[in-house]
Amino acid sequence: QVQLVESGGGVVQPGGSLRLSCAASERTFSNYAGAWFRQAPGKEREFVAAINWSGGVTYYADSVKGRFTIFRDNAKNTVYLQMNSLNPEDTAVYYCAAGPNLLTKGEYNYWGQGTQVTVSS
């Protein structure tokens with residue numbers, strides 16, 4: 001059972017940056033794909049970004065392409081989401097996910113508890 005813990009959320013002004021981290025409890029995490037999803041109030045959860053086990057393949061939602069970067073450090077069992085040029089539409093709870101398959105849908109085996117990101121002036 002892999003446990004995922006997100007950190008790095010907070011309040012940031014429009015145009016600002018944040019880096020989210022997702023730390024896994026098991027070394028087997030290095031064999032898994034990792035992903036970030038988000039859910040804004042009153043909206044369904046949506047895919048943000050995903051990365052394969054080695055970090056060599058990444059996918060992004062169109063809404064974050066060119067602004068967000070997903071990367072990982074398998075030595076630290078951690079996946080990151082660097083978020084730049086944030087705007088109020090990025091406000092949401094961000095969830096980390098992991099599983100054996102690289103997916104852009106929510107069919108991941110393991111999920112974190114979420115971290116709040118608020119973009120506001």
Side-chain angles (χ1 to χ4, degrees):
Q1 185 77 6
V2 177
Q3 295 183 342
L4 304 175
V5 178
E6 302 101 332
S7 61
V11 180
V12 63
Q13 293 186 339
S17 298
L18 281 176
R19 177 178 291 182
L20 305 183
S21 299
C22 172
S25 60
E26 301 291 333
R27 288 191 176 276
T28 51
F29 180 70
S30 64
N31 297 325
Y32 290 159
W36 290 93
F37 290 78
R38 67 185 181 185
Q39 187 166 20
K43 295 186 177 180
E44 294 186 353
R45 183 178 62 191
E46 65 174 357
F47 168 76
V48 175
I51 188 167
N52 77 328
W53 69 273
S54 68
V57 180
T58 56
Y59 295 118
Y60 295 94
D62 288 343
S63 59
V64 306
K65 279 181 182 176
R67 300 188 299 122
F68 291 10
T69 302
I70 188 171
F71 60 101
R72 67 191 298 160
D73 184 342
N74 284 340
K76 296 182 179 180
N77 296 330
T78 302
V79 170
Y80 303 92
L81 185 68
Q82 177 66 43
M83 306 185 294
N84 299 329
S85 302
L86 286 161
N87 58 61
E89 290 71 37
D90 296 315
T91 295
V93 177
Y94 283 70
Y95 297 92
C96 174
N101 300 310
L102 181 61
L103 305 168
T104 60
K105 297 182 179 180
E107 297 165 343
Y108 281 87
N109 300 66
Y110 307 106
W111 292 84
Q113 81 289 349
T115 185
Q116 176 70 47
V117 171
T118 302
V119 185
S120 174
S121 56

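Residue indices begin at 1 and follow the sequence shown.
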task = For a ring-ring contact (aromatic ring centres under 6.0 Å, His included) with Phe47, tell me which candidate from Tyr95, Phe68, Phe37 qualifies.
result = Phe37
With a 6.0 Å cut-off (strictly less than), is the heavy-atom count around [atom1] of [X], excluding the residue itself, greater than 12?
X: Tyr59; atom1: OH; value: no
X: Gln113; atom1: CD; value: yes
X: Trp111; atom1: CH2; value: yes

Quick one: [atom1] on [X] to [atom2] on [Y], what's the gap to the nearest 0.5 Å?
X: Thr28; Y: Gln1; atom1: OG1; atom2: CD; value: 10.0 Å
X: Phe71; Y: Ile51; atom1: CZ; atom2: CD1; value: 8.5 Å
X: Thr78; Y: Leu20; atom1: OG1; atom2: CG; value: 12.5 Å
X: Leu81; Y: Leu18; atom1: CG; atom2: CG; value: 9.5 Å
X: Glu26; Y: Asn31; atom1: CD; atom2: CG; value: 11.5 Å

query = How far apart are the C-alpha atoms of Ser21 and Lys76, what are their side-chain angles, what is the distance that settles it, and do they pass the side chain to side chain contact (heavy atoms under 4.5 Å, CB included) test?
reply = CA-CA 11 Å; Ser21 299; Lys76 296 182 179 180; over 6 Å; no
Heavy atoms only: give me the nearest [X]-[Y] pair and the separation to one decimal.
X: Ala50; Y: Leu102; value: CB-CD1, 3.6 Å
X: Ala40; Y: Thr91; value: CB-O, 3.6 Å
X: Asn84; Y: Ser17; value: OD1-OG, 2.9 Å
X: Ala24; Y: Val2; value: CB-CG1, 4.1 Å

task = Report yes if some heavy atom in the side chain of Val119 is under 4.5 Å from a heavy atom in the side chain of Met83; otherwise report no.
result = no
So, [X] side chain and [Y] main chain: donor-acceptor pair closer than 3.5 Å or not?
X: Ser120; Y: Thr118; value: no
X: Asn74; Y: Ser54; value: no
X: Tyr108; Y: Cys96; value: no
X: Glu6; Y: Gly114; value: yes
X: Asn87; Y: Glu89; value: yes

request  = Check whether NZ of the Lys or CZ of the Arg Arg72 lies under 6.0 Å from the centre of the six-membered ring of Phe29 and within 45 degrees of that ring's axis.
outcome  = yes
task = Would you please test Arg38 and Asp90 for side chain to side chain contact (heavy atoms under 4.5 Å, CB included) and show each step?
result = CA-CA 9 Å; Arg38 67 185 181 185; Asp90 296 315; 2.9 Å; yes
Residue pair Arg67, Tyr60: steps toward the side chain to side chain contact (heavy atoms under 4.5 Å, CB included) verdict = CA-CA 10 Å; Arg67 300 188 299 122; Tyr60 295 94; over 6 Å; no
Hydrophobic cluster membership, Tyr80 vs Val48, 4.5 Å side-chain cutoff = no
